[in-house]
Participant: 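To start, I am sharing the structure in question, which I have written as structure tokens.
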Amino acid sequence: MPPSYEQYLELLSEFESLTKKVRSESIFDIAGYPHYENVASNILAFFLNPNNEHGLGQLILSSLLNLAAASETNQSNVQVSREAYTIKGGRLDILIETDNQLIGIENKIYHHLANDLEDYGKSLDEWARPNQLTVVKIILGIRKEQESFDFICITYEELFSKVKERLGSYATTSSQKWL
């Protein structure tokens with residue numbers, strides 16, 4: 001005898017009462033969409049924010065600041081945003097604000113640096129002025145780019161080497177999923 005309508009409703013009710021597994025983000029959720037530079041910037045922004053679920057705390061941010069010869073201390077209240085519109089309407093890939101610093105990152109993956117760094121630098125200086133924040137300007141890329149307008153060029157290879165050098169206890173205390 002085939003199941004009745006009431007039996008199907010009862011089965012659906014039982015199914016709804018089952019414990020639901022909390023879904024955790026994957027690397028693809030963070031990446032957002034498939035343009036190389038945007039994907040890399042989304043992933044980088046995720047790892048630069050010490051409050052995210054990766055469990056690496058300040059490791060990535062402090063490693064980047066170390067390479068930029070900038071202060072690594074007092075990095076509380078970190079806010080990371082993507083695609084900050086500059087004074088002239090350009091878009092700075094990553095903007096990080098802490099209690100005492102404003103960090104601008106122009107990310108270069110498979111394209112040469114053709115951005116208006118003067119506009120980006122002036123925008124960062126203007127945004128930092130009201131809270132008297134120290135400005136750190138970084139070009140992060142696959143290869144070394146020409147440094148200008150106070151932007152410091154750091155390669156991904158340098159960043160990954162610095163992170164590996166400092167990884168230490170993070171290897172056992174961070175989320176193994178994100179490590």
Side-chain angles (χ1 to χ4, degrees), residues 26-52 54-75 78-86 90-98 100-125 127-128 133-171 174-179:
S26 74
I27 196 76
F28 302 107
D29 295 320
I30 293 164
Y33 42 96
H35 184 274
Y36 290 125
E37 193 170 287
N38 286 321
V39 170
S41 293
N42 289 341
I43 293 168
L44 184 61
F46 171 77
F47 282 102
L48 284 167
N49 188 334
N51 303 312
N52 284 340
H54 50 69
L56 294 168
Q58 300 272 343
L59 175 64
I60 311 301
L61 179 57
S62 67
S63 295
L64 188 63
L65 290 172
N66 178 269
L67 289 167
S71 173
E72 302 172 54
T73 59
N74 207 10
Q75 300 303 329
V78 176
Q79 295 179 6
V80 180
S81 57
R82 288 271 293 115
E83 300 290 337
Y85 282 91
T86 64
R91 292 183 312 194
L92 181 63
D93 291 323
I94 300 173
L95 183 66
I96 304 168
E97 185 172 350
T98 70
N100 59 350
Q101 287 178 319
L102 188 66
I103 305 151
I105 302 172
E106 182 54 30
N107 191 22
K108 286 291 147 205
I109 302 296
Y110 293 113
H111 195 269
H112 65 281
L113 182 64
N115 305 77
D116 186 351
L117 294 182
E118 183 177 17
D119 172 41
Y120 291 11
K122 285 181 179 178
S123 297
L124 286 163
D125 293 338
W127 298 333
L133 302 174
T134 302
V135 178
V136 181
K137 303 168 186 174
I138 298 171
I139 302 166
L140 181 63
I142 299 285
R143 62 185 175 275
K144 282 283 189 189
E145 297 284 350
Q146 179 67 38
E147 296 183 358
S148 58
F149 299 103
D150 298 324
F151 276 82
I152 298 162
C153 186
I154 298 170
T155 65
Y156 271 95
E157 183 178 352
E158 292 169 327
L159 177 59
F160 294 154
S161 292
K162 183 60 72 175
V163 168
K164 286 179 188 176
E165 173 187 308
R166 296 169 152 213
L167 191 57
S169 65
Y170 288 106
S174 65
S175 166
Q176 295 302 299
K177 171 184 171 180
W178 295 109
L179 187 58

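For reference, positions follow the sequence shown, starting with 1. Owing to the predicted nature of the structure, the values given are computational and were not obtained by experimental measurement.
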Participant: Once you round to the nearest 0.5 Å, how far does CG of N107 lie from CZ of R82?
Facilitator: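 Result: 8.0 Å between the selected atoms.
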Participant: Any chance NZ of K164 has more than 12 other-residue heavy atoms, nucleotides or ligands included, within less than 6.0 Å?
Facilitator: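 For K164, atom NZ is not crowded (no more than 12 foreign heavy atoms under 6.0 Å).
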Participant: Hey, could you give me the CD/CG distance between Q79 and N51, rounded to the nearest 0.5 Å?
Facilitator: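 Interatomic distance, Q79 CD to N51 CG, rounded to 0.5 Å: 9.5 Å.
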Participant: Is F47 close to L56 at the side-chain level, that is, under 4.5 Å between some pair of heavy atoms?
Facilitator: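 Yes, side chains in contact.
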Participant: So, the side chain of K162 versus the backbone of L64: is there a donor-acceptor pair under 3.5 Å, distance only?
Facilitator: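 No, K162 side chain to L64 backbone: no donor-acceptor pair under 3.5 Å.
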Participant: Determine, stepwise, if the pair K137 / D125 fulfils side chain to side chain contact (heavy atoms under 4.5 Å, CB included).
Facilitator: CA-CA 10 Å; K137 303 168 186 174; D125 293 338; 3.3 Å; yes
Participant: Calculate, to the nearest 0.5 Å, the distance between atoms CG and CD1 belonging to L159 and I154 respectively.
Facilitator: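 The CG atom of L159 sits 7.5 Å away from the CD1 atom of I154.
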Participant: Excluding sequence neighbours, so at least two apart, what forms side-chain hydrogen bond (donor to acceptor under 3.5 Å, both in side chains) with R166?
Facilitator: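 R166 satisfies side-chain hydrogen bond (donor to acceptor under 3.5 Å, both in side chains) with S62, E72 only.
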Participant: Please list, chain by chain and in numerical order, all residues satisfying ring-ring contact (aromatic ring centres under 6.0 Å, His included) with F160, sequence neighbours excluded.
Facilitator: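 Listed in chain order: Y156.
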Participant: Would you indicate whether the side-chain heavy atoms of H54 and F46 approach each other to under 4.5 Å?
Facilitator: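 Yes, their side chains come closer than 4.5 Å.
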Participant: Would you say the side chain of I109 lies within less than 4.5 Å of the side chain of V39, judging by non-hydrogen atoms?
Facilitator: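 Result no, sub-4.5 Å side-chain heavy-atom pair not found.
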Participant: Taking C-beta and beyond as the side chain, do E97 and V78 meet within less than 4.5 Å on heavy atoms?
Facilitator: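 When only atoms from C-beta onward are counted, V78 and E97 do not touch, as no gap falls below 4.5 Å.
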Participant: Quick check for you: to the nearest 0.5 Å, what is the distance between I60 atom CD1 and L44 atom CG?
Facilitator: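 Interatomic distance, I60 CD1 to L44 CG, rounded to 0.5 Å: 8.5 Å.
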Participant: Please step through side chain to side chain contact (heavy atoms under 4.5 Å, CB included) for the pair W178 and N52, ending with a clear verdict.
Facilitator: CA-CA 10 Å; W178 295 109; N52 284 340; over 6 Å; no
Participant: Could you measure the distance from the CG atom of L117 to the NZ atom of K122? Nearest 0.5 Å is fine.
Facilitator: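 Interatomic distance, L117 CG to K122 NZ, rounded to 0.5 Å: 12.5 Å.
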Participant: I would like to know whether D93 and E83 meet side chain to side chain contact (heavy atoms under 4.5 Å, CB included); could you show each step before the answer?
Facilitator: CA-CA 5 Å; D93 291 323; E83 300 290 337; 3.8 Å; yes
Participant: Is there side-chain contact between N100 and T134, with heavy atoms separated by less than 4.5 Å?
Facilitator: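 No - every pair of side-chain heavy atoms lies 4.5 Å or more apart.
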Participant: Compare all side-chain heavy atoms of L124 with those of V136 and state whether any distance is below 4.5 angstrom.
Facilitator: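 No, too far: nothing below the 4.5 Å cut-off.
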Participant: Testing L95, I96, I94, L92 one by one against S81 for a side-chain contact (heavy atoms from CB on, under 4.5 Å), which residue passes?
Facilitator: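 Going through the options one by one, the only one that passes is L95.
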Participant: Output, in order, the C-alpha distance, side-chain angles, deciding distance and verdict of side chain to side chain contact (heavy atoms under 4.5 Å, CB included) for E106 and L140.
Facilitator: CA-CA 6 Å; E106 182 54 30; L140 181 63; over 6 Å; no
Participant: Ignoring hydrogens and geometry, is there a side-chain-to-backbone donor-acceptor pair from E158 to T155 under 3.5 Å?
Facilitator: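 Yes, E158 side chain to T155 backbone: donor-acceptor pair under 3.5 Å.
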